[in-house]
Amino acid sequence: MKKPDDQKVKNTWKCTKFVLSFVVGTPKGKLYLFLKGLISVLQALITVMYTVLPGWIINALVDGDSISMVVLCVGLLVLNSLIAYVVNSWGDYWLNKIRWDLDISFDSDFYRHLMTMDYEDFENPSIIVMKNRANDTLSDILNYVDLIFKAVTAVFTLIAISSIIATLHPLIVVLVLAMVLINSAVTKKLNTKQFELNKENAYYANRDWGITYMMFEQEYGKENRLFSAGEYLISLFRENKYKFADVIIRGKRSWSTGGIVYTITSLVQQVVLYAYLIIRVIYYSLAIGSMTIYLSAVSQFSSALSNVFNTYLSLSAKSLDVQEYLEFMSLPRKGYGCGTETPVYGKDSTIEFKNVSFKYPGSEVYALKNLNLTLKGSEHLCVVGENGAGKSTFIKLLTRLYTPTEGEILLNGKNINEYDYEKYQRLFAPVFQDYVEYELPLEKNITLTGEPCDGERLDEVCKRCGLSKLVEKLPKGYDTYVGKLVDEEGFKPSGGEVQRIAIARAQYHGGEIYLLDEPTAALDPNAEYEIYSQFNSMIQDKCAVLITHRLSAVQLADKVAVFQDGHMVGYGTHKELYAQGGLYTEMFDKQSEFYVKANEEAEEENRKEN
């Protein structure tokens with residue numbers, strides 16, 4: 001991640017224009033800006049009236065003016081208070097009402113971006129931190145707008161108050177300006193330091209979420225207890241929290257130091273101003289009411305001038321976040337930015353890996369190296385190998401979730417990047433190893449769409465995947481929620497049931513190429529046999545890639561690819577690979593020995609019982 005630009009006027013102005021155009025481009029954004037502008041002007045006028053009216057009342061009383069003048073001034077003060085109440089309450093109501101619409105639009109667009117960004121970026125730890133900070137910046141966009149209009153209010157107030165303080169000694173104005181400049185210089189320095197501290201906070205906050213999740217969520221509960229992992233996780237939690245707290249304390253210490261400067265400048269300004277006005281009253285017959293007006297005017301002028309500078313500095317500091325947000329939103333989407341052709345896959349089609357190598361972001365080790373492999377028509381390929389051999393990486397490259405570091409992948413002789421990204425991915429019907437359950441009704445867990453589903457297709461898919469009995473016993477059938485987070489009447493599926501749901505999801509959506517990444521890992525042997533039998537009938541006229549540790553699945557495959565340490569070390573039929581010896585033969589024999597031994601033990605146990 002590149003270092004953001006400094007808090008320069010050019011960069012602050014650029015980010016301010018972006019924020020305003022961003023809001024204007026959102027439904028109701030223009031209305032929001034109009035209301036903020038109107039309220040800003042009214043608030044400036046209200047401030048001026050609060051400044052002069054109390055002094056006028058005092059002068060009218062001291063000078064013995066007619067009671068009607070006093071009543072008029074008091075009436076204007078009361079009216080000013082009523083107008084202030086109406087402006088603030090009415091403005092807050094309508095602005096907050098519009099803010100909901102704007103926030104929903106902002107968040108919807110942001111989540112749409114997240115779900116279409118390149119998956120390899122989505123998994124990158126440094127970009128995950130950027131993503132979290134970008135989300136925080138997005139939620140702060142309207143606060144950025146509020147700062148802009150706070151400055152507008154301050155400018156109007158300055159203009160209105162200037163005619164009053166213009167009659168004061170010029171050195172008083174110079175003093176106020178000097179104090180504001182000193183405070184602003186300190187604030188700018190503190191804002192820069194706070195931005196760096198916020199980046200540290202983001203790192204520790206991300207770790208904090210991960211650690212607390214492992215202690216808080218039910219899925220970790222059993223192992224935490226049975227493996228006595230609690231104290232270890234708590235120690236990680238405490239260590240991270242102390243580091244987190246240290247960053248926060250450093251930030252507070254810096255602002256406390258700045259607070260000393262603010263206090264001193266305020267004290268100097270007040271002492272000099274009071275001394276000057278008291279001398280004017282005693283020696284130059286300045287009216288008491290006018291003294292009150294001057295005190296209030298200088299206070300308002302100083303406050304408005306500080307608001308102008310501090311608001312600019314706040315905008316300047318927030319511009320660093322906006323620059324980072326723009327950097328995140330500008331990450332190139334290699335998938336969506338590629339070709340537009342429509343892919344076609346049929347019995348005469350081929351997908352070819354040509355000298356494909358891949359390294360994960362931030363790693364110097366190849367997950368795959370010089371892979372050459374061709375997938376043909378309705379061929380069934382079984383990919384086997386030990387953990388970390390590169391099997392799942394192969395699937396991610398095949399589906400364009402990742403882009404090869406070196407080499408290319410061809411569909412029917414064309415680089416897959418020449419095809420429309422979404423249409424290419426629709427060729428696949430995947431069941432990944434890290435399948436998920438959605439906190440949605442069972443029907444939507446399978447269809448994943450807000451459109452009405454094909455009921456007959458859904459029933460047929462559930463029947464094939466062995467979910468029909470589950471649907472029948474659920475209290476609301478397909479409308480029963482998976483999980484209890486949203487609906488307490490939902491059900492918590494077993495590991496095997498979740499996997500069947502994932503398989504049903506792939507079958508319902510369909511595709512020309514089925515991808516099965518350890519599809520039976522959570523199933524017992526009988527269920528595994530049943531699923532494989534169903535797969536066999538399901539993929540008869542389809543291409544299929546099956547990744548598995550269980551070599552019994554090779555019965556479904558026309559060809560077997562053996563992966564080891566990122567290399568393909570074997571390719572052929574089961575018979576050919578077994579005859580060659582090596583890793584495949586060793587793996588097959590070990591698993592066969594295990595199953596044979598387990599079968600012999602079971603038979604021996606049966607003989608003893610009989």
Side-chain angles (χ1 to χ4, degrees), residues 115-116 119 342-346 378 380 395-396 398-401 420-483 486-487 490-523 527-548 553 556:
M115 290 187 286
T116 56
Y119 186 75
T342 299
V344 176
Y345 192 91
S378 56
H380 299 165
I395 291 292
K396 291 175 181 177
L398 175 63
T399 54
R400 285 176 70 181
L401 291 176
D420 179 271
Y421 186 66
E422 290 187 349
K423 291 178 180 178
Y424 177 83
Q425 291 188 326
R426 294 290 80 79
L427 293 176
F428 301 96
V431 181
F432 292 111
Q433 184 176 1
D434 51 349
Y435 51 83
V436 294
E437 56 185 282
Y438 293 83
E439 290 284 341
L440 296 168
L442 178 58
E443 174 195 317
K444 299 304 181 184
N445 254 274
I446 295 172
T447 65
L448 290 181
T449 177
E451 300 297 324
C453 77
D454 183 335
E456 291 185 6
R457 180 176 177 79
L458 181 63
D459 288 337
E460 179 62 27
V461 164
C462 288
K463 181 178 179 181
R464 288 182 183 178
C465 296
L467 288 172
S468 297
K469 291 183 179 180
L470 173 64
V471 175
E472 291 173 1
K473 72 178 184 180
L474 291 176
K476 299 179 182 178
Y478 286 119
D479 293 328
T480 307
Y481 268 78
V482 177
V486 176
D487 187 349
F491 76 104
K492 186 66 179 175
S494 66
E497 288 171 338
V498 177
Q499 195 153 34
R500 290 176 185 274
I501 292 171
I503 294 169
R505 189 179 299 146
Q507 289 194 45
Y508 183 87
H509 283 267
E512 303 305 319
I513 306 169
Y514 278 81
L515 306 177
L516 314 169
D517 187 356
E518 296 290 354
T520 61
L523 304 182
E528 178 186 2
Y529 174 80
E530 180 184 345
I531 289 294
Y532 278 146
S533 298
Q534 292 168 355
F535 279 155
N536 197 32
S537 60
M538 179 179 69
I539 61 177
Q540 282 299 314
D541 299 320
K542 300 285 186 179
C543 179
V545 179
L546 175 63
I547 293 179
T548 183
L556 300 179

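Interatomic distance, NZ of Lys469 versus SG of Cys462, reported as 14.5 Å (0.5 Å rounding). Here Phe428 contributes atom CZ and Leu515 contributes atom CG; the two are 6.0 Å apart, rounded to the nearest 0.5 Å. The NZ atom of Lys473 sits 12.5 Å away from the OG atom of Ser468 when rounded to the nearest 0.5 Å. Interatomic distance, CG of Asn445 versus OG1 of Thr480, reported as 11.5 Å (0.5 Å rounding). The CG atom of Leu440 lies 7.5 Å from the CG atom of Leu448; values are rounded to the nearest 0.5 Å.
Judged purely by distance below 3.5 Å, without hydrogens or angles, the side chains of Asp459 and Tyr478 pair a donor atom with an acceptor atom.
What you find for Glu512 and Lys542 is that their closest heavy atoms are OE1-NZ, 3.7 Å. In this structure, Pro493 and Gly483 approach most closely via the heavy-atom pair CD-N, 4.5 Å. Taking each heavy atom of Val498 and Glu437 in turn, the nearest pair found is CG2-OE2, 3.7 Å. Between Leu398 and Tyr424 the shortest heavy-atom distance is O-OH, 2.7 Å. The nearest pair of heavy atoms linking Tyr514 to Gly511 is CE1-O, 3.9 Å. Across every non-hydrogen atom of Glu497 and Leu470, the tightest pair is OE2-CD1, 3.7 Å.
For the pair His380/Cys543, no side-chain contact is recorded, criterion being any heavy-atom separation below 4.5 Å from C-beta on. Looking at heavy atoms from C-beta onward, Leu458 lies in side-chain contact with Ile446 at the 4.5 angstrom threshold. In this structure, Val545 and Leu516 have side chains that are not in contact, with every pair of non-hydrogen atoms separated by 4.5 Å or more. Side-chain contact between Thr116 and Tyr421: absent, with no pair of heavy atoms (C-beta onward) separated by less than 4.5 Å. Counting heavy atoms from C-beta outward, Leu474 and Leu442 have side chains that approach closer than 4.5 Å. Taking 4.5 Å as the limit, every side-chain heavy atom of Asp541 sits out of range of all side-chain heavy atoms of Ser378. Two residues are said to be in side-chain contact when any heavy atoms from C-beta on lie closer than 4.5 Å; Thr342 and Asp420 fail this criterion.
Using a cutoff of 4.0 Å between basic side-chain nitrogens and carboxylate oxygens, Lys476 and Asp487 are scored as salt-bridged. Between Arg426 and Glu422, no side-chain nitrogen of the basic residue sits less than 4.0 Å from a carboxylate oxygen of the acidic one, so the salt-bridge criterion is not met.
Applying the ring pair (Phe, Tyr, Trp, His ring centres under 6.0 Å) criterion to Tyr508, with sequence neighbours excluded, gives no partner residue. Considering only residues two or more places apart in sequence or on other chains, Glu439 meets the salt bridge (charged side-chain N to carboxylate O under 4.0 Å, His left out) condition with none of them.
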Could you give me the CA-CA distance, side-chain angles and deciding distance for Ile501 and Leu467, then say whether side-chain contact (heavy atoms from CB on, under 4.5 Å) is met? CA-CA 8 Å; Ile501 292 171; Leu467 288 172; 4.2 Å; yes

Walk me through whether Ile395 and Phe432 qualify under side-chain contact (heavy atoms from CB on, under 4.5 Å). CA-CA 9 Å; Ile395 291 292; Phe432 292 111; 3.6 Å; yes

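Annotation: salt bridge (Lys or Arg N to Asp or Glu O under 4.0 Å) contacts involving residues 442-456, sequence neighbours excluded, are absent.
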